[in-house]
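Working notes, beginning with the structure itself.
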2 protein chains.
Amino acid sequence: MSAEKPRRTRAEQRRETEDRILAAARATFAELGYERTTIRGVASTAGVNAGLVMHYFGSKEELFSRAAMLPEEELPVGHPAEALLTSLRRRLDDEPVASLVVLRSMLTHAEASGEFRVAAAAWLDRVGAAIPAADAELRAGLISAIINGVVLDRYLLKLSSLADAPADDILALLRPCFESLAGESG
Amino acid sequence: MSAEKPRRTRAEQRRETEDRILAAARATFAELGYERTTIRGVASTAGVNAGLVMHYFGSKEELFSRAAMLPEEELPVGHPAEALLTSLRRRLDDEPVASLVVLRSMLTHAEASGEFRVAAAAWLDRVGAAIPAADAELRAGLISAIINGVVLDRYLLKLSSLADAPADDILALLRPCFESLAGESG
DNA sequence: CGGTTCGGTCAACGCCCGTACAATGAATCG
DNA sequence: CGATTCATTGTACGGGCGTTGACCGAACCG
């Protein structure tokens, strides 16, 4: 008869609610971009009041920052071309949403994404360092452009030829490109 | 001392003002995307009152439609790979703004851009028809993705390695990719 | 010349947004 | 137990937006 422990302690509840808000925010930012995403909308998807979102995250900017935080992407080791193909496969299969939050929102809200520009630059440096060529930097940039372009056409523009294709086919056709750009032959 | 002909007839004046508004709209849509572009902003850039923009174009949607209208892009003839490289060079040099209006706004306002999805599909069909391979459609889609990715990284994300590079270098590095994808060797 | 068209301005509307803040009630703690 | 924290709600405000319609004056036309 003594009072049972409440199924959820306050801390647990808090964490769960915050996670629900973040998940809703990620999905909405990815689908609508920064501008069209509203705090009320995110709150409603998460099943809470809009004021709560503000209370927890302070501002829309901050909510976006938290929602867009990505785990540090580690580059697979090995021949650069193979490593990059693996990296692309991950982005095609594993979690398109994570990529989309950043990509779409960098486009709709460039100022909010200064941090991600930095992350992208770091990624480029690492790739460039693995490419044995004088113009390694440009080659890395082009590989990044291809990856971004594929994600863009497949998930954002949803152009049919790419949206419907199996990831394997895409990777197979792209392999010669990556090898050429990664300077595998030299 | 008879009344001189006014320097500009009403029709001329109208056309010039409309053009000025369209130019301002194109620049603003390309730079800010659909959502962040405001009619007041476009009007102010064009040096007119916001009401006039509404009066001439009816709505923001319609203004966007008119601003984003592109000349039908004709594909250069010849080996598909060379033709596509030429097409990319045009987009890199000639008029980045025109590409950007469509690209950026398709991303920020997908619904407004159904028409351009159609145009993109037609372009893909034409490219696909020129590629002698069973998976021509996918190959065309990948080429389109590469072109979009390069424009994206260079002009929208402004990633340094691509933004600073001469167009010639980009094309030189991309040539093997296009040849491989366009099935030149088969 | 007088009436009409029409390029252009201005002020206002209703809406939705990000945000602020007071209120509430249940979990927590001494 | 009473006091206090804190997750959560509801309400409200100020601002910017797309859009509207009344209005003005100069170009047009018979």
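What's counted below: heavy atoms across the whole structure, side chains too, no hydrogens, waters or symmetry copies. Numbers restart at 1 for each chain; the letters A, B, ... are given by sequence-line order, proteins then strands.
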Roughly, in whole Å, what's the span from [atom1] in [X] to [atom2] in [N]?
X	N	atom1	atom2	result
R15(A)	dC6(D)	CZ	P	18 Å
E12(B)	dA26(D)	CD	C1'	16 Å
R10(B)	dG25(D)	CZ	P	15 Å

Selection from dA27(D), dT8(D), dT5(D) that lies nearest to any side-chain heavy atom of Y56(A):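 For Y56(A), the side-chain atoms sit closest to dT8(D).
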Whether [X] contacts [N] is assessed here as follows: a side-chain N or O lying under 4.0 Å from the phosphate OP1 or OP2. Is that the case?
X	N	answer
T17(B)	dG8(C)	yes
T9(A)	dA27(C)	no
Q13(A)	dA26(C)	no

Nearest heavy-atom neighbours spanning S87(A) and W123(A):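 Result for this residue pair: OG-CZ2, 4.5 Å.
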Does [X] reach the side chain of [Y], with side-chain heavy atoms less than 4.5 Å apart?
X	Y	value
I143(B)	L124(B)	no
E137(A)	V127(A)	no
L157(B)	N148(A)	yes
L103(A)	Y155(A)	no

Closest-nucleotide ordering on DNA chain D, the 5'-leading residue of A11(B) and R20(A):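 On the 5' side of the pair lies R20(A).
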Of R104(B), K60(B), E61(B), the residue whose pairing with Y34(B) passes side chain to side chain donor-acceptor pair (under 3.5 Å): E61(B)
CZ/R15(B): more than 12 non-hydrogen atoms of other groups inside 6.0 Å: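 Counting neighbours around CZ of R15(B), 12 or fewer heavy atoms of other residues, nucleotides or ligands fall under 6.0 Å, so no.
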Heavy atoms from other residues, nucleotides or ligands near CD of E35(A) exceed 12 (cutoff 6.0 Å): yes
Nucleic acid footprint by protein, nucleotides 17-24 of chain C - heavy-atom cut-off 4.0 Å, B for base, S for sugar-phosphate alone: BBB-----
Bend angle of the helix from dC1(C)-dG30(D) to dG30(C)-dC1(D), from helix axes over five pairs at each end, nearest 10°: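 The end-segment axes of the helix from dC1(C)-dG30(D) to dG30(C)-dC1(D) are tilted 0° relative to each other.
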Show me the side-chain donor-acceptor pairs of residues 163-172 of chain A shorter than 3.5 Å, one per line, residues at least two apart or across chains.
from, atom 1, to, atom 2, distance (Å)
D168(A), OD1, R89(A), NH2, 2.1

